[in-house]
Amino acid sequence: MKSLFTIREGGAANWTLRVITMVAIVGLMLYIPTKWEAGTLNTAIEGLTYMSAAMALNLVLGYTGQISIGHSAFLGIGAYTTGIMVSRWGFSPWVTFPVAFGIAFVIGVLISFPAARIKGVYLALVTLALGLVFPQLATWKKLAWITGGGSGLPIACPATGVSRSCEGTEVPTTGFNIGPKSKGQMQTFEIFGWNPFGDLRRPDNKAAFYYWIALVVAIIVYLACRGVVKSRVGRSLIAIRDNETAAAVMGVNLVRTKAFVFGLSAGLCALPGCVTAIKTGGVSPEGIINMTVRGAITFLIVMVIGGAGSLAGPVIGGALYVFVVDKTGTWADDDKIPGVLRPFFAWSEIPPGDGIFAVLLILLMFVAPRGIAGLWKQYIHRIVRVIPRPAGAIGATPAMATATATPTSNHEGEPQ
Amino acid sequence: MDFSLLLQRVIDGISQGSVYALIALGLVIIYRGTGHLNFAQGEMALFATYCVYQFGEWGIPVWIALFMGMGVGFVVGAVSEVTLIRPISKKSPFAVFIVTLGLFTFLNWLDGAIWGNQQLPNSGVGSKQQSFPDLFPADPEDQFNFLGASIRYERIGILLLVLVITGLLFLLFNKTKFGLAMRAVASNTESAKLAGIRTNLVLMVSWGLAAAIGAVGGVVMGGLNNSVGLGLMFSIFIYGSAAATLGGFDSPGGAVVGGLAIGLIENLSSGYAQKWIGQELKLAVALAIIVAVLLVKPSGLFGTEKVERV
């Protein structure tokens, strides 16, 4: 099929497109918090959480082909790490990010050893069981001395039995300790004397603060995934996915590679968990639904709908998921459904978000198994074709990896 | 050691395990036919269970409602196979996995959309039933004493029901022409097709049958819990899968033995290690069994070894 424009990778046109894409993405990132409205920002934070978790899952599932329905457990590990360190031991929330990454990394590596011998849907079964067991483990009474048991963190006030409502005493939360100065709590967040967020006791400002944390985490996760995928390790991951035996024959160390990718994926998935713990100020499986198996299924849906095995996929999927779920969230009440759509959804007792995505997931598997990102790559060629730099040129990355994952083709109007 | 307590726990464990055996049987029937693990098995059963509850609400006697529910389950399973699984299985096992997962999410949402996300029956206005329809007498006094253990009729009834179903399935597999066709498809689909067996029909019926059997499991579980909710089948599915893994994914007899064994292990471990395992970590036992079996003997106790070709 002939495309309208043909441009050369690294040429002026190519760079223009890259710059336009970057400007558009950065512009959107900056535009969202300027609304300064807590509701929108909380939705955006949720979206960034799904994006980060789905990107982490993508490493294991999209690139290496190891099915996991248990990534909610890793998110939960991150949330509990932050919760325990902050509310029990008084660490700053910032410190908990690398610690959570480390803990989840080690656990991911440990899980990879049995996982390396369990294949395909059996691995899915094991990880599903793991995802179901995690909330039970977290609320297990033997671990209540550290996890707070069923009521979660922070531990309930001994006087009232209610979290965070002890009068007069200082009660820790699992996030930033925001409150009046008289009690020594923080009011503003200053970067070298610059106070970008204002008074954090206002909900809108607080939401903006958390939005930036979530955004930075999502960017770090993206860059980490991108770094791995475009490296030698990334190519060996794809080799494992496409044919494990062949990859082993070609010299890929299966055990070590899988251990690394499981560990990294788990560690990265823990980071949005830390953000969630900071944002909600409390950690329990009931409070953070993303650490139950429903969360794991959502990550998987987000990833597959966006595009498994593509860097942009989870980002697209996460944005779409949160947009639709947010728009349809109130549709359990029939009067809130826009007129035209009312006959289709009025019968439903609960918001139709999950149903819509389940149908979309099944449909996409038939028409576009590589998700929206795959669909985009398939049709963008009709408009713009980017000719990859010839392999072996100085400073060039191998052609295949560049051609499959350049952000270049991401911006040039709508297809047709 | 208290003997009557042991007996009590063994009987409770076996009847609990028979529910897992039903789910495991469904998984095995589908696995034998198509080689897929049906992640929506539990949710298909849940949908049928909700239907049985609804039929009960309309005043239909529970046993008739059960058969209607099995019918609903059969239709859901068969339609899923024909419209979704069959076309997608040409693509890749991963696509099949995603579609069953999509089906899982969709059915769970559908249950919530129709019946709401509260536990049913709730004691609100308009609900005719105070409890989920019971297949067997389940009032507190419906029990008898045997060697010091109080045994509920319900538990015995469930066990008998599962044994009857297993027996009927055994007859179907081994004594009928259709069972022969099913075994032929399981052993080699291509050859079966060449021998003139209508493999498509066999697969469709297999999925329907699996979902119908699952429906019985769901109704029994609803009766034991006295309610039905959206999360009812999550853990049951894991126990069922553990049973199928233990018994071997291609062995119906193994599924039943595995199910009973898992029920026993679950009840005994949570009973005798109350401080450590108790009610909260029962699921971890199932996880441990799955992992152990997959690592030590992936074909399970009664399954056939799988040879991998490159």
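Quick note on labels: first sequence line is chain A, next is B, and so on, each numbered from 1.
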Quiz item: Pick from B/T105, B/L283, B/L84: which one has the most heavy-atom pairs with chain A under 4.5 Å?
Solution: B/L283
Practice problem: Below 4.5 Å from any heavy atom of chain B, which atoms of A/L61 appear? Answer side chain, backbone, both or neither. | Solution: side chain
Quiz item: With a 4.5 Å heavy-atom cut-off, do B/F97 and A/I69 have their side chains touching?
Solution: yes
Quiz item: Which atom pair, heavy atoms only, marks the closest approach of A/A358 to B/G102?
Solution: CB-O, 3.5 Å
Quiz item: Which value, rounded to the nearest 0.5 Å, describes the distance between A/I362 atom CD1 and B/T83 atom OG1?
Solution: 8.5 Å
Exercise. Can you see which heavy atom on A/F366 is nearest to which on B/P87, and at what distance?
Key: CE2-CB, 3.7 Å
Practice problem: Can you tell which part of B/I114 gets under 4.5 Å to a heavy atom of chain A, answering side chain, backbone, both or neither? | Solution: both
Practice problem: Hey, could you give me the CD1/CG distance between A/I118 and B/L294, rounded to the nearest 0.5 Å? | Solution: 4.5 Å
Self-check item: Interface moiety of A/L125 toward chain B, non-hydrogen atoms closer than 4.5 Å
Solution: both
Quiz prompt | Part of A/L132 lying under 4.5 Å from any heavy atom of chain B | solution = both
Quiz item: Looking only at heavy atoms, which two atoms of A/P114 and B/V291 are closest? And how far apart?
Solution: CB-CG1, 4.5 Å
Self-check item: Non-hydrogen atoms of A/P369 and B/K91 that approach each other most closely
Solution: CG-NZ, 4.3 Å
Self-check item: Contact leader toward chain B among A/V133, A/I350, A/I297, where contacts are heavy-atom pairs under 4.5 Å
Solution: A/I350
Quiz item: At what distance, to the nearest 0.5 angstrom, does CG of B/L110 lie from CG of A/D354?
Solution: 12.0 Å
Quiz prompt | Nearest-0.5 Å distance that lies between atom CZ in B/F234 and atom OG1 in A/T292 | solution = 8.0 Å
Quiz item: How about B/L287 and A/Q136: do any of their side-chain heavy atoms sit closer than 4.5 Å?
Solution: no
Exercise. Could you look at B/A286 and say if it's the side chain, the backbone, both or neither that has a heavy atom under 4.5 Å from chain A?
Key: neither
Quiz item: Measuring heavy-atom distances to chain B, does A/L128 have an atom under 4.5 Å in its side chain, in its backbone, in both, or in neither?
Solution: both
Practice problem: Please say whether more than 12 non-hydrogen atoms of neighbouring residues, nucleotides or ligands are located less than 6.0 Å from CZ in A/F323. | Solution: no
Exercise. Would you mind reporting whether A/L361 and B/I98 have side-chain heavy atoms less than 4.5 Å apart?
Key: yes
Quiz item: Who passes side-chain hydrogen bond (donor to acceptor under 3.5 Å, both in side chains) against A/N58, sequence neighbours left out?
Solution: none
Quiz item: Can you say whether B/T100 sits under 4.5 Å from chain A via the side chain, the backbone, both, or neither, judging by heavy atoms?
Solution: neither
Exercise. Give a yes or no on whether B/K297 atom NZ has more than 12 heavy-atom contacts from other residues, nucleotides or ligands under 6.0 Å away.
Key: yes
Practice problem: Select one option (side chain, backbone, both, neither) describing which atoms of A/V304 are under 4.5 Å from chain B's heavy atoms. | Solution: side chain
Quiz item: Which atoms of A/L300 come close to chain B, meaning under 4.5 Å heavy atom to heavy atom: side chain ones, backbone ones, both, or neither?
Solution: side chain
Self-check item: Spacing of OH belonging to A/Y122 relative to CG belonging to B/L37, to within rounding of 0.5 Å
Solution: 7.5 Å
Exercise. Counting only heavy atoms closer than 4.5 Å, note whether A/P352 contacts chain B via side chain, backbone, both or neither.
Key: both
